[in-house]
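Down below is the structure, laid out as structure tokens.
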Amino acid sequence: MAERERSIHEMLKDTPSMNDSCDAVHTGTEGGSLGMMGISGSASSHIIGTGIPLSTSASLPLRNHSAPTTPMSPISPQASNGFLTSADGSSSLIRTSASKIDSIKNWSISTYKCTRQIMLEKLGKSQRTVDSELEAQIEQLRETQRKYLSILRLTRAFSSHFQHVVVSQQSLADAFADLAQKNPELQKEFICNSETQRNLTKNGELLLNALNFFISSVNTLCNKTIDDTLLTIRQYETARIEFDAYRMDLENTKPEITQAAASLEETQRSYAHHKDQYEKLRGDVAIKMQFLDENRIKVMHKQLILLHNAIAAYFSGNAMALESTLKQFNIKLKSPNNITGSWLEQ
């Protein structure tokens with residue numbers, strides 16, 4: 001029995017220390033495992049050997065370093081600065097949105113007032129500001145544009161038809177020249193007709209150049225010069241409607257005694273602004289119409305002389321007068337019989 005007891009004590013001595021069991025107990029947290037592995041084997045054996053249980057005070061504190069704690073303290077300066085920056089951006093966005101909303105609001109109010117003014121004018125329930133002399137000039141300008149556009153349309157049709165005539169004359173001249181080569185007995189007559197058609201083709205090409213120059217100049221006058229003035233006139237008419245709308249608002253608010261002073265001042269300010277804009281555009285329209293009338297007379301005087309001289313010279317058979325007319329107006333002469341040489345000749 002004594003030998004058996006000694007062998008048991010020796011076996012107990014050979015057993016591993018309890019540090020492994022301590023490690024197994026505290027492997028759940030990083031701090032626990034590191035702390036228990038830092039305990040020496042003697043200290044651990046001493047605690048276990050004394051039979052004193054491991055208390056919270058005797059063990060190392062357990063912490064979970066994988067999940068940082070959230071501080072409950074007030075906002076740090078960095079976070080505070082970040083918040084202020086975000087607030088500044090939000091306030092800037094709010095100001096931009098507010099300005100857009102204000103612009104939409106002002107546009108809606110102005111559109112409503114102008115639409116109401118137009119309807120009241122058509123129903124005869126509102127008086128409109130009338131400048132009799134200027135409106136008569138505007139109506140005359142629009143009538144002039146309509147007549148010039150009619151002339152332009154007819155001249156284009158005439159040029160198109162005449163171009164077909166010139167092409168037919170050129171084909172006829174080629175046909176006569178071909179027959180002159182194949183019919184010796186009528187060669188003289190075919191050559192004579194061929195030369196006549198070629199001369200008519202040449203003069204017809206010169207007349208087409210004059211017609212195209214006339215069409216280009218009248219088109220620029222109608223669709224660019226006059227249209228530019230009419231655009232200013234449309235702006236003037238819009239300003240007149242706005243002026244009458246705000247004038248009517250001011251007239252309707254004056255009799256009201258209970259009207260707030262700030263609202264009345266705002267109405268007067270809007271009326272003065274639209275009045276200044278209306279008078280400015282009226283002056284611009286008067287100046288543009290004066291310059292347009294001078295330019296129109298000068299351009300049409302030149303183009304009408306060109307058209308008359310070119311047509312008269314062509315149908316009278318005066319080729320020299322036709323060429324001199326085109327040279328007088330600096331129109332480049334293009335002879336239809338000039339055949340472009342080969343690239344070796346060039």
Side-chain angles (χ1 to χ4, degrees), residues 140-180 188-230 288-341 345-346:
Q140 184 180 0
L141 175 62
R142 287 172 172 162
E143 182 65 22
T144 301
Q145 187 190 34
R146 286 192 291 268
K147 291 180 179 179
Y148 281 10
L149 288 174
S150 177
I151 291 175
L152 181 62
R153 184 178 63 256
L154 293 174
T155 308
R156 281 174 173 167
F158 175 74
S159 177
S160 176
H161 297 323
F162 189 73
Q163 186 175 7
H164 289 296
V165 172
V166 172
V167 172
S168 299
Q169 288 174 340
Q170 179 65 43
S171 300
L172 191 59
D174 294 338
F176 284 149
D178 183 65
L179 288 172
K188 183 178 179 181
E189 289 79 3
F190 279 128
I191 290 176
C192 182
N193 281 276
S194 176
E195 291 296 330
T196 302
Q197 295 299 324
R198 290 187 187 279
N199 290 330
L200 290 174
T201 301
K202 177 182 177 181
N203 296 335
E205 289 287 346
L206 296 179
L207 180 59
L208 280 175
N209 291 334
L211 290 173
N212 291 333
F213 185 76
F214 176 83
I215 290 171
S216 175
S217 300
V218 176
N219 179 65
T220 302
L221 177 64
C222 291
N223 295 322
K224 292 184 178 180
T225 309
I226 296 180
D227 267 359
D228 180 68
T229 303
L230 290 177
K288 278 197 171 186
M289 290 187 65
Q290 180 181 356
F291 286 143
L292 174 64
D293 196 54
E294 296 174 357
N295 188 30
R296 177 185 61 83
I297 292 174
K298 182 171 63 175
V299 170
M300 291 305 298
H301 174 74
K302 177 181 177 180
Q303 296 302 319
L304 289 173
I305 291 178
L306 165 67
L307 185 66
H308 171 269
N309 292 342
I311 291 179
Y314 173 80
F315 285 101
S316 64
N318 192 346
M320 297 296 295
L322 182 60
E323 291 184 2
S324 64
T325 298
L326 268 67
K327 290 179 180 179
Q328 178 184 356
F329 291 93
N330 298 322
I331 300 175
K332 185 180 294 186
L333 300 179
K334 296 181 180 179
S335 178
N337 296 326
N338 288 342
I339 301 175
T340 304
E345 296 177 355
Q346 295 176 0

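Note that the coordinates shown come from a computational prediction; the quantities given were computed from them, not determined experimentally.
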Within this structure, what is the [atom1]-[atom2] distance for the pair [X] and [Y], rounded to the nearest 0.5 Å?
X: Gln163; Y: Asn212; atom1: CD; atom2: CG; value: 7.5 Å
X: Leu221; Y: Asn295; atom1: CG; atom2: CG; value: 7.0 Å
X: Leu230; Y: Lys288; atom1: CG; atom2: NZ; value: 10.0 Å
X: Ser194; Y: Glu189; atom1: OG; atom2: CD; value: 13.0 Å
X: Lys327; Y: Leu206; atom1: NZ; atom2: CG; value: 10.0 Å
X: Ile297; Y: Leu292; atom1: CD1; atom2: CG; value: 9.5 Å

Between [X] (side chain) and [Y] (backbone), is there a donor-acceptor pair under 3.5 Å?
X: Asp228; Y: Lys224; value: no
X: Ser324; Y: Ala321; value: yes
X: Ser150; Y: Arg146; value: no

Minimum heavy-atom separation for [X] and [Y], please, with both atom names.
X: Arg198; Y: Asp174; value: NH2-OD1, 3.3 Å
X: Tyr148; Y: Met300; value: OH-CG, 3.7 Å
X: Leu322; Y: Ala310; value: CD1-O, 3.5 Å
X: Ser159; Y: Ile215; value: CB-CD1, 4.0 Å
X: Leu326; Y: Ala210; value: CD1-CB, 4.0 Å
X: Ala173; Y: Gln197; value: CB-CB, 3.6 Å

Item to complete: Give the intermediate values and the outcome of side chain to side chain contact (heavy atoms under 4.5 Å, CB included) for residues Val166 and Leu200.
Response: CA-CA 8 Å; Val166 172; Leu200 290 174; over 6 Å; no

Answer whether the closest heavy-atom distance between the side chains of [X] and [Y] falls below 4.5 Å.
X: Val299; Y: Val218; result: no
X: Lys298; Y: Lys302; result: no
X: Thr144; Y: Arg296; result: yes
X: Asn223; Y: Leu149; result: yes

Discussion item. I'd like to know if Lys202 and Glu205 make a salt bridge, using a cut-off of under 4.0 Å between side-chain N and carboxylate O.
Written reply: no

Worksheet item: After noting the C-alpha distance and the side-chain angles of His164 and Ser160, does the key distance pass the side chain to side chain contact (heavy atoms under 4.5 Å, CB included) rule?
Response: CA-CA 7 Å; His164 289 296; Ser160 176; 4.1 Å; yes

Discussion item. With a 6.0 Å cut-off (strictly less than), is the heavy-atom count around CZ of Phe291, excluding the residue itself, greater than 12?
Written reply: no

Discussion item. Side chain to side chain contact (heavy atoms under 4.5 Å, CB included), that's the test. Do Gln303 and Phe329 meet it? Break it down for me.
Written reply: CA-CA 9 Å; Gln303 296 302 319; Phe329 291 93; 5.8 Å; no

Worksheet item: Would Asn219 and Arg156 satisfy side chain to side chain contact (heavy atoms under 4.5 Å, CB included), going step by step from the backbone distance to the final call?
Response: CA-CA 10 Å; Asn219 179 65; Arg156 281 174 173 167; 3.3 Å; yes

Discussion item. So, using salt bridge (charged side-chain N to carboxylate O under 4.0 Å, His left out) as the criterion, who are the partners of Glu294 when residues are at least two apart?
Written reply: none

Worksheet, complete the sentence: Test side chain to side chain contact (heavy atoms under 4.5 Å, CB included), reference Asn309, set Ile305, Leu306, Ile311, Leu307, output is Ile305

Worksheet item: Who pairs with Tyr314 by ring-ring contact (aromatic ring centres under 6.0 Å, His included), at least two apart in sequence or on another chain?
Response: Phe162

